[in-house]
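Counting convention: from 1, in listed order, for ligands and their atoms alike. Keep in mind it's a predicted model, so treat the numbers as computed, not measured.
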Amino acid sequence: MGLRFLNTLRRELETFEPLSPGKATIYGCGPTVYGHAHIGNFRTFLFYDLVHRYLAWKGLRVRFVMNLTDVDDKTIKAAKAAGLTLSEYTRPYAESVIAESDILGIRRLERYPRATMYISEMLWLVGRLLERGLAYRTEDGSVFYDISAFPEYGKLSGTDLEAGRQGERVVDDDYGKDDVRDFALWKGVKPGDDEVGAAWDTPWGKGRPGWHLECSAMALSELGQTLDLHLGGEDLIFPHHEDEIAQSEGATGLPFARFWLHVKHLRVEGKKMSKSAGNFITVRQLLEEGVSPAAIRHQLISAQYRNDLNFTREGLEGSSKAVGRLLDFEERLAGHPVRPDAASTSLPALSDEAVASFTRSMDDDLNVSGGLAALFVFLNRTNTLLDATPALAESERNRALAVLASLDEVLGLLEVGHRARNVDGALEEWIEERIQARTRARSEQDWAAADAIRQELAGRGIVLEDGSAGTRWKVSPHNG
Ligand code: AMP
Ligand code: ZN
């Protein structure tokens with residue numbers, strides 16, 4: 001059985017074959033960089049990473065693009081309030097989401113397109129939709145998509161058009177539309193937009209892009225007219241992704257994305273995460289508390305993406321233990337005595353079974369909890385075997401180690417866990433150097449730089465304590 005995904009587009013499990021053999025193109029909707037990303041966002045970004053790693057593990061050459069939304073209602077409002085330009089306001093958040101992604105072991109992508117760098121592509125798209133009679137202009141310089149001209153509208157979300165646009169993310173400033181269900185491709189300039197750098201000249205007046213348009217333009221120009229996979233959180237199905245389809249397919253006449261995968265929203269201590277409920281947690285906060293990156297990674301990937309995942313402090317403890325067991329196991333296996341005349345054992349069979357069972361689970365719509373179970377069954381059985389086997393044949397041991405490393409190419413738990421465990425001489429020197437750099441930054445009152453260094457250290461499992469005698473460091477007690 002090959003790899004299957006539950007495709008939101010058809011609401012059924014479908015076998016995944018990329019359009020061009022051996023290669024896959026993926027677009028994931030990225031963060032709106034108006035604040036620090038929260039752990040819910042990171043459930044989604046870690047899921048993207050899992051898709052990326054798993055497809056690469058299966059031998060595909062993956063082109064993965066995740067955008068950064070640096071112009072939309074929220075970023076403009078926040079930049080105006082802070083008295084900064086959009087780029088001044090969003091840059092630190094764009095940097096921090098990538099830094100935190102690194103810390104959690106999310107593979108670096110080739111491209112993180114920022115919406116503001118794709119204005120000409122967006123204008124092309126709007127022009128094309130106007131030309132094709134799928135969009136219309138209004139007096140204030142806005143351009144709207146005419147959804148009555150795109151009969152397939154609603155095919156992703158199964159939305160009943162007569163019921164109107166009831167999505168959570170509908171913006172409130174779409175005035176002048178022919179039909180309440182139409183959405184803005186381009187928005188006429190508003191007071192203050194120009195000052196923050198959120199207004200561009202266009203053939204239909206000054207204005208700025210609508211959020212949906214941004215993703216279509218970036219996906220099409222970075223990855224081509226038909227993507228293999230388009231990913232996002234479940235809140236984006238409607239209207240965001242529905243609108244991306246209408247725009248992209250309206251402009252190209254070709255299917256936009258063949259597979260759509262949507263991640264269920266993370267809950268925190270059993271509740272929907274929100275600032276008002278007081279359970280809004282950022283990754284940055286957890287790192288500053290000294291929680292290990294590997295534990296965060298483990299907890300956030302531990303459930304299959306369409307299933308509920310409830311983030312809890314207790315769960316985090318469990319995750320920390322799980323990563324610790326993995327690291328111990330690897331160390332034990334690597335250090336187990338070998339002998340040329342050692343009798344053969346069932347270790348090769350256990351190793352093969354681990355790969356087969358892991359692949360079976362992951363092929364089944366990325367059932368990562370099954371994948372993790374396969375890994376831990378391997379760990380338990382091998383531990384039992386090592387208890388009873390004073391020495392192994394070297395080839396058996398190496399094969400088992402290779403299997404462990406191979407599964408970790410997908411899971412990334414040892415990869416992230418190692419960084420915290422390896423506090424050796426070179427690392428100590430590096431820590432001291434970073435602390436000095438931070439002290440310098442603080443004396444220059446460059447709080448952002450000082451903060452970034454603290455976070456960088458936290459990412460390696462190092463917590464700082466500032467006292468009267470200077471700054472001391474220690475390895476986080478929660479480390480793997
Ligand atoms: P945003 O920065 O709000 O545009 O979101 C960036 C990504 O995170 C999108 O794919 C969202 O669907 C996703 N997302 C937002 N909130 C959550 C949550 N609580 N759990 C999982 N994913 C989320
Ligand atoms: Zn998007």
A.B. asks: Vertex the Zn ion (ligand 2): angle to NE2 of His240 and SG of Cys29, to 10°?
C.D. replies: 120°

A.B. asks: So, applying ring pair (Phe, Tyr, Trp, His ring centres under 6.0 Å) with His262, which one of His230, His241, His240 is it?
C.D. replies: His241

A.B. asks: Under 4.0 Å from a heavy atom of Pro31: which atoms of ligand 1 are those, numbered in the order shown and with their elements?
C.D. replies: 2 (O), 6 (C)

A.B. asks: I need the contact type for Tyr48 against ligand 1. Using non-hydrogen atoms and a strict under-4.0 Å cut-off, is it side chain, backbone, both or neither?
C.D. replies: side chain

A.B. asks: Would you say the Zn ion (ligand 2) has His241 as a near neighbour, meaning an N/O/S atom of that residue under 2.8 Å away?
C.D. replies: no

A.B. asks: So is Gly40 polar-close to ligand 1, meaning N/O to N/O under 3.5 Å?
C.D. replies: yes

A.B. asks: Indicate yes or no: does an N/O atom of Leu266 lie under 3.5 Å from an N/O atom of ligand 1?
C.D. replies: yes

A.B. asks: Work out whether the distance between some heavy atom of Asp235 and some atom of ligand 1 is less than 4.0 Å.
C.D. replies: yes

A.B. asks: If you round to the nearest 0.5 Å, how far is CG of Leu227 from CH2 of Trp260?
C.D. replies: 7.5 Å

A.B. asks: Taking the side chain as everything from C-beta on, heavy atoms only, tell me whether Phe358 gets closer than 4.5 Å to Leu375.
C.D. replies: no

A.B. asks: Trp211 versus ligand 1: do any nitrogen or oxygen atoms come within less than 3.5 Å of each other?
C.D. replies: no

A.B. asks: Taking non-hydrogen atoms only, is Leu236 closer than 4.0 angstrom to ligand 1 via side chain, backbone, both or neither?
C.D. replies: side chain

A.B. asks: Within the structure, does Thr32 bring an N/O atom to less than 3.5 angstrom of an N/O atom in ligand 1?
C.D. replies: yes

A.B. asks: May I ask you to check whether Glu234 has an N/O atom sitting below 3.5 Å from an N/O atom of ligand 1?
C.D. replies: no

A.B. asks: Taking 2.8 Å as the cut-off, does His212 contribute an N, O or S atom near the Zn ion (ligand 2), distance below it?
C.D. replies: no

A.B. asks: So, 4.0 Å and heavy atoms of His38: is ligand 1 close enough to count as a contact?
C.D. replies: yes

A.B. asks: Can you check whether Arg114 reaches Met117 side chain to side chain, under 4.5 Å on heavy atoms?
C.D. replies: yes

A.B. asks: Would you call the rings of Tyr93 and Tyr89 parallel, tilted or perpendicular, taking 30° and 60° as the class edges?
C.D. replies: tilted

A.B. asks: Measure the distances from the heavy atoms of Ala37 to every atom of ligand 1 and state whether one is below 4.0 angstrom.
C.D. replies: no

